[in-house]
Every structure is written in C-alpha cells, then in structure tokens.
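Quantities reported herein were computed from a predicted structural model and do not represent experimental measurements.
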Amino acid sequence: MTGIIGYIASAMVLLTFITKDMRQLRFIGILSNVSFIGYGALAWLPPILFLHLLLLPLNIVRLMELQKTASGPALDSAAVATF
C-alpha cells in the first residue's frame, strides 16, 4: 500500500510539470503534498515527510492568493501601463 501511495504522489508531481494553469498547478501540488505526507509517514521517510509538511501550507496560501486576485477588480489599461 505504501508503494502505491508513493507512485500516486510521484505521478502528481509529474502532472504539475505538465500543467500550464497556475491554479491547477497549485491544486495538484496540494494533492501531491498530501500524498507525500501519507507516504513519508507510512514508510517513515522524515526528509520527505517534513518537506511536504512545509510545502502544503505554502501551496494553500499561494492558491488562496491566486483566488483573491482572480476574483478582484479588473485592472484598467492605465493601471497596467504604470507597471
């Protein structure tokens, strides 16, 4: 069972490299983090476990930031020109 979870987590990492949309990338990254946390805990692989315990909240925060900017007011052309 542990090996299957590891393969699923690895496949999700591969999907993140294929994904072009940033929201999808973060969502798949979150699923990957959860899978690797399970894999790292079951197989007791502390480097994998702790890395993904750190990455999970980071991916969640970044996804929430993307959701806020997507639902925020649209920029007008004058505001874009100042960047």
Side-chain angles (χ1 to χ4, degrees):
M1 183 67 171
T2 304
I4 293 170
I5 294 171
Y7 282 113
I8 291 169
S10 297
M12 287 186 208
V13 170
L14 179 62
L15 283 174
T16 64
F17 285 94
I18 297 170
T19 304
K20 292 182 180 182
D21 180 65
M22 188 58 73
R23 274 176 258 135
Q24 285 180 345
L25 183 142
R26 293 290 181 186
F27 182 73
I28 295 169
I30 290 167
L31 295 177
S32 171
N33 294 144
V34 170
S35 297
F36 270 115
I37 289 168
Y39 176 66
L42 289 172
W44 189 241
L45 301 168
I48 291 174
L49 177 62
F50 296 131
L51 172 65
H52 290 279
L53 282 171
L54 291 172
L55 290 175
L56 179 60
L58 178 65
N59 272 324
I60 292 170
V61 167
R62 295 291 186 236
L63 181 60
M64 289 172 42
E65 288 172 352
L66 284 169
Q67 294 298 89
K68 283 183 185 177
T69 58
S71 63
L75 294 174
D76 60 22
S77 58
V80 173
T82 61
F83 287 105

For the student: nearest non-hydrogen atoms of [X] and [Y], plus distance:
X: Leu63; Y: Arg23; result: CD1-O, 3.8 Å
X: Ile5; Y: Gly38; result: CG2-C, 4.4 Å
X: Thr16; Y: Gly29; result: CG2-N, 3.9 Å

Given side chains that start at C-beta, do those of Val13 and Phe36 come closer than 4.5 Å, heavy atoms only?
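When only atoms from C-beta onward are counted, Phe36 and Val13 do touch, with a gap below 4.5 Å.
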
Could you tell me whether the side chain of Ser32 and the main chain of Ile28 form a donor-acceptor pair under 3.5 Å?
no

Working to the nearest 0.5 Å, report the span between [atom1] of [X] and [atom2] of [Y].
X: Ile30; Y: Leu58; atom1: CD1; atom2: CG; result: 9.5 Å
X: Asn33; Y: Arg26; atom1: CG; atom2: CZ; result: 9.5 Å
X: Ile48; Y: Ile37; atom1: CD1; atom2: CD1; result: 11.5 Å

Which residue in the set Asn59, Leu53, Ile60 passes side-chain contact (heavy atoms from CB on, under 4.5 Å) when paired with Leu56?
Ile60

Which residue in the set Leu45, Ile4, Leu49 passes side-chain contact (heavy atoms from CB on, under 4.5 Å) when paired with Tyr39?
Leu45

Cluster overlap Leu31 with Ile8, hydrophobic side-chain contacts below 4.5 Å:
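Yes; Ile8 is reachable from Leu31 via cluster members.
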
Begin from the C-alpha positions of Glu65 and Arg62 and carry the test salt bridge (charged side-chain N to carboxylate O under 4.0 Å, His left out) through to its verdict.
CA-CA 5 Å; Glu65 288 172 352; Arg62 295 291 186 236; 3.2 Å; yes

